[in-house]
> 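There's a structure below that I have some questions on.
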Amino acid sequence: MHQYRTHTCGELRKEDAGTTVRISGWVHSVRDHGGIIFIDLRDHYGLTQVVIDPSKSFYKGVDHWRVESTLCFTGNVIKRIPEAVNPRLDTGAIEITAEEMVTLGESKVIPFQVSKDEECNESLRLEHRFLDMRRQKLHDNLVLRSKVISRLRELMTGEGFMEMQTPILTSSSPEGARDYLVPSRVHPGKFYALPQAPQQFKQLLMTSGFDRYFQIAPCFRDEDARADRSPGEFYQLDMELAFATQEDVFEVNERVLHAVFSEFSDKKIDETPFQRIPYLEAMDKYGTDKPDLRNPLVLQDATELFRTCDFKAFSGVVASGGSVLTIAAKGCAGQSRKFFDEMIKFAQGVGSKGLGYLRWNEGEVQSPIAKFLSQETLDSLKNLGGVSDGDVMFFIADESKVAREIGGHVRDELGRRLELIDSNVFKFCWIVDFPMYELDDNRKVEFSHNPFSMPQGGMDDLLNKNPLDILAYQYDIVCNGVELSSGAVRNHSPELMIKAFEIAGYDQSVVESKFPALYKAFQFGAPPHAGIAPGVDRIIMLLADEPNIREVIAFPMNQKAQDLLMSAPCEVDSHQLRELYLQVKLPKRSEESSTVGGE
RNA sequence: GGGGGUGUAGCUCAAUUGGUUAGAGCGCCAGCCUGUCACGCUGGAGGUUGCGGGUUCGAGUCCCGUCAUCCUCGCCA
């Protein structure tokens, strides 16, 4: 007989009755009736009920039947009488009468309950992540993660992609996020950087003649956390295709994502091909480049209708070149005064000066601003929004870019509050035709996205078009308002690269010194290539229906990029620093906070 | 770095307008119980209300500071 088990805790059925078995696992719950004790023993696979007769010799050796200790039982499988069957357990038709017991690992009193699904302070969970991961929900999420990643590998291999590794210790590349740096011992004063993505390596692999590459790639960016952004590291399904167009990338990703989302979720998924929305249209209609298409509300431009009106707050904005945007919300006129007040407060919270509204209710227009508007204007607005009695139109007036941004937030909030969002669907779209350049804060032309992207229209457009009108073969894929990934057709021509950088104010020497590998490689015959890298953690977040990315990561860091279980980051010995020729110069106020995990 | 929320027993939470000895459920400890499966019953321990200061006859409650944590803006080629 195996030292620890002949069966798992999820395995035994009524057909096994009469056999002698051995199982090991964690004490999930104890029900002590004095004359008889029931223990639910749990492992990765399930729960099995063990019945203990207190007259057994091992019973006296146990001080506490404490939950979460690991035990090994040897005993007989008994078919339960019909009244005692537990239909909620896979093993509920049987139980094991214990003949022998071995304590494998005793547990102290646990800081939070494993067997109950109750909310619990997150730092406590992170400090005891090994206990937290025993809990059903997190355990299931990580099983899902494993299955999804395994399936992604299958699908990618099936599409003809090769999985390849790229370096983790590499060089810092300009632009992008802050790097994590690793000091070199051999080269005093020099540093490796952890890759923010394997971007340049995968392009080099294409140039090396590999046709289709993929990798579940770790990416390291030193940026502050968000609910959907874990600090430190995250994973991408990184891929690149040689001799490929934008459309080729879309087709592969539509097949792979549609397969994974339909296999691992019961939600309804868009049929392929997914919608394609030009960037400018997305900004106009949704006020964002990652629209949640489950929300039926859209932004409309009402600027002209307010140009000559008596409502100075709006006409003034129009006169100074700004926009008035409107959102028509059907059937929303019956909402309470509180609802409208809270919407105004929300709009102010996201940077708006206010939030106007017209409420067509019981045959009249109820609104603080209606008295400033002519009947003709009211009719035109009504026509624009396609509204009638019972509907409401909301208005945002501001500098055009700001108005769209605020409008995007108001659209989200209205969608939530009016419960317009169907939580049982996945709505995908591609955002295409991103601008190649934009103006930075100093009104200087700068790459708006990825400097490696191929400009649409080639050299012709680079030479002849206003830089701000040049589009890139740059695309995002968005699901339910979550940006899953950016990708691009790459610029594989050294001449186009130099010209593209020149427009952004960098001369040839910058390209040569900052991207030496690509610049050199592309002069030896580069294939046209394109790629993308969907975020694996975010895909799993969507599939697991988790609002927080930490719920799909085994060992996440907290918001301050600390691992509370491993106490990372931590101080190191002075000899380690000496070996690396490093000296620590702390900021004035942080002596106390420099120790991790202390209290 | 900025804005917001939260912080009360091991855990989740309550405590009326600032007013008695800060409560409940779970967990823990002791006892009882032979069919439970969130077992049940009886009893018990457990609190510097994050920390520091202030206002007040009186502070868990109000004010200031600080720390922790989450959300968010900046940031994320």
> Are A:V482 and A:K290 side-chain neighbours, meaning at least one heavy-atom pair lies under 4.5 Å?
no
> Could you say whether the aromatic ring of A:H33 and the base of B:U36 stack, counting only centre distances under 5.5 Å and plane angles under 30°?
no
> Can you check the distance between B:G46 and B:G3, where both ends of the measurement are the P atom (answer in whole Å)?
42 Å
> Determine the interatomic distance between P on B:A59 and the same-named atom on B:G50; round to the nearest Å.
15 Å
> Does a nitrogen or oxygen in the side chain of A:Q559 sit under 4.0 Å from OP1 or OP2 of B:C71?
yes
> Does A:S486 have a side-chain nitrogen or oxygen under 4.0 Å from the phosphate oxygens OP1 or OP2 of B:A77?
no
> Counting just side-chain N and O atoms, does A:R88 come under 4.0 Å of either OP1 or OP2 of B:A38?
yes
> Say you pick atom P in B:U12 and the same atom in B:C73; how far apart are they, in whole Å?
27 Å
> Verify the contact: side-chain N or O of A:R66 to OP1 or OP2 of B:C29, cut-off strictly under 4.0 Å; return yes or no.
yes
> Pick the closest RNA chain B nucleotide for A:D32 and for A:E119 by heavy atoms, then say which residue is nearer the 5' end.
A:E119
> Can any side-chain N or O of A:Y235 pair as donor or acceptor with the backbone N or O of A:D537 at less than 3.5 Å?
no
> Are A:R490 and A:E240 close enough for a salt bridge, meaning some N to O gap below 4.0 Å?
yes
> Just to confirm, is there a sub-4.0 Å distance from OP1 or OP2 of B:C39 to any side-chain nitrogen or oxygen of A:R31?
yes
> According to a strict under-4.0 Å criterion, is A:Q562 in side-chain N/O contact with OP1 or OP2 of B:U69?
yes
> A:N558 side chain N/O closer than 4.0 Å to the phosphate oxygens (OP1, OP2) of B:U69?
yes
> Give a yes/no on whether any side-chain N or O of A:K116 is located under 4.0 angstrom from OP1 or OP2 of B:C11.
no
> Whether the side chain of A:Q49 and the base of B:U36 hold a donor-acceptor pair under 3.5 Å is what I'd like checked.
yes
> Does the structure show a Watson-Crick or G-U wobble partner for B:G7, both distances under 3.5 Å? Name it, or say none.
B:C67
> Would you state whether a donor and an acceptor, one from the side chain of A:R226 and one from the base of B:C70, lie under 3.5 Å apart?
no
> Could I get a table of every N or O pair under 3.5 Å where one atom is in the protein and the other is in nucleotides 41-43 of chain B?
none

> When you measure from the side-chain N and O atoms of A:N121 to the phosphate of B:A68, is any distance below 4.0 Å, counting only OP1 and OP2?
no
> Against A:F515, only a single residue in A:F501, A:Y506, A:F522 fulfils ring-ring contact (aromatic ring centres under 6.0 Å, His included); can you say which?
A:F501
> Check this for me, if you would: do A:D117 and A:K137 make a salt bridge, where the nitrogen-to-carboxylate-oxygen distance has to be below 4.0 angstrom?
no
> Can you say whether the rings of A:W430 and A:F250 are parallel (under 30°), tilted (30 to 60°) or perpendicular (over 60°)?
parallel
> Would you classify A:N450 as touching base, sugar-phosphate or nothing, given that sugar-phosphate means primed atoms plus P, OP1 and OP2, and contacts are heavy atoms under 4.0 Å?
sugar-phosphate
> Is A:D179 reaching over with its side chain to a backbone N or O of A:L181, donor-acceptor style, under 3.5 angstrom?
no
> Considering Watson-Crick and G-U wobble pairs with both distances under 3.5 Å, what does B:G40 pair with?
B:C32
> With stacking defined as ring centroids separated by under 5.5 Å and planes differing by under 30°, is A:F112 stacked against B:C11?
no
> Taking atom C1' in both B:U16 and B:U55, compute the distance separating them and give it to the nearest angstrom.
22 Å
> Check if the side chain of A:E95 and the base of B:G35 share a donor-acceptor pair of N or O atoms closer than 3.5 Å.
yes
